[in-house]
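One-based numbering along the sequence shown.
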Amino acid sequence: MTHSSFHSSEHRGRLRQIAVITVAFLAGTILLLWGYNTVAAGLLGAPAARFVHALAAQAGVVGLILPALVWTRTRAQSET
C-alpha cells in the first residue's frame, strides 16, 4: 500500500464514519445507563445498572434493529 493510497479521502471518510458510529454507540450506552439509573433505580427502587449492563442492552437493541434496517434498505433498493 502506498502512502498516497493509505491517506486517500475515501480511507479518511471511512475512518471518520467508524469514529462517529463508535462515539454514537458509546454515547447511547451512557444515556441508557443514566436514564435507567435515574428512573428505575432512583424512582422505582430497582437495582442500579452498571456500564456493562447498559452496553449489553445497547448491543442487543442494535443487534435487533440493524438487521431490520439493512433488510428494509436492501429491499427498497431492489424494487427501484
Side-chain angles (χ1 to χ4, degrees):
M1 181 178 331
T2 65
H3 181 72
S4 62
S5 68
F6 181 75
H7 292 289
S8 70
S9 61
E10 182 180 322
H11 183 73
R12 282 192 307 258
R14 185 71 175 151
L15 286 177
R16 183 173 297 150
Q17 185 181 25
I18 291 170
V20 167
I21 289 170
T22 302
V23 168
F25 182 83
L26 290 175
T29 302
I30 291 167
L31 289 173
L32 180 64
L33 178 64
W34 173 79
Y36 175 84
N37 283 338
T38 299
V39 174
L43 298 176
L44 304 175
R50 293 179 22 176
F51 184 76
V52 293
H53 301 135
L55 190 63
Q58 181 79 346
V61 168
V62 169
L64 290 173
I65 292 175
L66 190 60
L69 291 174
V70 170
W71 179 76
T72 303
R73 184 174 182 188
T74 305
R75 187 173 167 204
Q77 287 177 347
S78 68
E79 290 177 355
T80 57

Side-chain ion pair, Arg14 and Glu10, N-O less than 4.0 Å: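 No salt bridge links Arg14 with Glu10.
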Between His53 and Arg50 (side chain of the first, backbone of the second, donor and acceptor by atom type, cut-off under 3.5 Å), is there such a pair?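 Yes, the answer is positive, given that a donor and an acceptor are paired below the 3.5 Å cut-off.
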So does Ala49 get a backbone contact from the side chain of Asn37, meaning a donor-acceptor N/O pair under 3.5 Å?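 Yes, because the side chain of Asn37 sits within donor-acceptor range (under 3.5 Å) of the backbone of Ala49.
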Hey, could you give me the [atom1]/[atom2] distance between [X] and [Y], rounded to the nearest 0.5 Å?
X     : Y     : atom1 : atom2 : answer
Thr74 : Leu69 : OG1   : CG    : 10.5 Å
Ile21 : Arg16 : CD1   : CZ    : 13.0 Å
Leu44 : Thr38 : CG    : OG1   : 11.0 Å

Can you give me the closest heavy-atom contact between Ala41 and Ala48, atom names plus distance?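 Shortest heavy-atom separation between Ala41 and Ala48 comes out as CB-CA, 3.9 Å.
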Please report the closest heavy-atom contact between Ala46 and Tyr36, naming both atoms and the distance.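 That closest heavy-atom pairing would be CB-OH, 3.6 Å.
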Can you spot which of Arg73, Arg75, Glu79 makes a side chain to side chain contact (heavy atoms under 4.5 Å, CB included) with Gln77?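 Of Arg73, Arg75, Glu79, side chain to side chain contact (heavy atoms under 4.5 Å, CB included) with Gln77 is met by Arg73 alone.
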Do the side chains of [X] and [Y] join up, straight or via other hydrophobic residues, at under 4.5 Å, putting them in one cluster?
X     : Y     : value
Val62 : Leu55 : yes
Leu33 : Leu26 : yes
Ile30 : Phe25 : yes

